[in-house]
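See below for the structure under consideration.
In what follows, chains are A, B, ... by sequence order, proteins preceding strands, each numbered from 1. Computation of the quantities below employed the complete heavy-atom set of this structure, encompassing side-chain atoms and omitting hydrogens, waters and symmetry-equivalent molecules.
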Number of protein chains: 2
Amino acid sequence: MSQNGVGVDLDKSLGYLLKEASSALRAAMEEVLRPLEMSVTHYSCLELLAQRPGLSNSELARRAFVTRQSMNVLLQTLEREGYVTRPAEAPVGKVLPTRLTPRGRRRLEKATVAVRSVEVRMLAGMTETEQSGAFRILQSMIHSLRDGNDGA
Amino acid sequence: MSQNGVGVDLDKSLGYLLKEASSALRAAMEEVLRPLEMSVTHYSCLELLAQRPGLSNSELARRAFVTRQSMNVLLQTLEREGYVTRPAEAPVGKVLPTRLTPRGRRRLEKATVAVRSVEVRMLAGMTETEQSGAFRILQSMIHSLRDGNDGA
DNA sequence: CAATGTATGTCAGAATACTGACATGAGTCA
DNA sequence: TGACTCATGTCAGTATTCTGACATACATTG
């Protein structure tokens, strides 16, 4: 109606839709995690550690899409509350491998169930074929975006 | 390798991939906008106003995926710097329709070109069919996630 | 072996976004 | 008309994340 032909056209932009979907997913996760008094970032960190025990602070940060400084303050909190442990001294270099405590594992279990329900809901109405199609397409986007990071 | 069968399996999770893609897109946008001294949120706001002149603060907030309080402080900044204008009094109700100034429009133009190049890069390697497939799939995810927001 | 480059953990301050709260205006309904 | 509900704009305080900076540890290279 009031399009001025500038060219991006948010209604048809895949980038905008990507942001919208990601935002909706985050909101849905926050909603089911709130009763457990856990934030999305907390959950991500614990889930990462369950699947890759011994991950370092920096590695966790990269995989949770935050800076290592942010992850560090999160880990300090989780450590103080007894959900994760880190050795006092680094076995090698400065890298401190982090692990879930039994308490952390218990805390994660409920959250995992809640979050899985969200993912199931998100996938509702999509066939197997569509799901693997979505998988490929998202990977393609990520790859293309990362490529030109330092390109002139 | 060290999968413990918990069930989510981030490597195969569409939710995780969605977050990864969204994060990569945001990083790419930040990179091309940095030389213009503009943040992604600034750009989003201006682009929204270009396509939908007269949008209110609350509407802008919803479409930029931030709270109306955050958008309000952003608008105050943009207004002070002369990129947007709002009437001193609301024509109807409390809603203040916001509009781009010529200066704001000029500022947006360069940013639009930069951001479009990112979107083009993201779409590289995808056929037309894949792009419309991605569009449908993302819309499906959004719809499914919004549905259960007030369920039990 | 020494120099350099890269990656890590961490502290401190700044920027950004959020939650809570309030008053105001419009719509609804009896 | 009056009570009620809802959405908006805005102020204030809180929380979260980021940027900048530093020391340390390993790998590479001459």
Identify whether the distance between the nearest side-chain nitrogen and carboxylate oxygen of A/R146 and B/E20 falls below 4.0 Å. yes

Span of DNA chain C, from the first to the last nucleotide whose atoms fall under 4.0 Å of chain B heavy atoms: C/dA17 to C/dA26

Check each residue of residues 82-97 of chain B for a non-hydrogen atom within less than 4.0 Å of any atom in DNA chain C, then write out the ones that pass by number, or none. B/G93, B/K94

Side chains of B/E119 and A/S13: donor-acceptor distance under 3.5 Å anywhere? yes

State whether A/R26 and A/E30 are salt-bridged, where the test is any N-O pair (Lys NZ or Arg NE/NH1/NH2 against Asp/Glu carboxylate O) under 4.0 Å. yes

Would the distance check show the side chain of B/T112 and the main-chain N or O of B/L108 forming a donor-acceptor pair, the cut-off being under 3.5 Å? yes

Among residues 59-77 of chain A, which residues get a heavy atom nearer than 4.0 Å to DNA chain D? A/V66, A/T67, A/R68, A/Q69, A/S70

Going by heavy atoms in the side chains, are A/P97 and A/P91 under 4.5 Å from each other? yes

Given atom CZ of A/R34 and atom P of D/dA15, what is their separation to the nearest angstrom? 16 Å

So how far is it from B/E47 CD to B/R52 CZ, rounded to the nearest 0.5 Å? 10.5 Å

B/N57 has an atom CG; how far is it from atom P of D/dC11, in whole Å? 11 Å

Any side-chain heavy atom of A/T85 within less than 4.5 Å of one from A/T98? no

Distance check, rounded to the nearest 0.5 Å: A/S58 atom OG versus A/Q69 atom CD? 8.5 Å

Just to be sure I understand the rule, does A/S39 reach a base, reach only the sugar-phosphate, or reach nothing, if contact means heavy atoms closer than 4.0 Å? nothing

Could you check whether any side-chain heavy atom of A/M71 comes within less than 4.5 Å of a side-chain heavy atom of A/R62, counting everything from C-beta outward? no

Among A/F135, A/Y43, A/F65, exactly one meets ring pair (Phe, Tyr, Trp, His ring centres under 6.0 Å) together with B/Y16. Which residue is that? A/F65

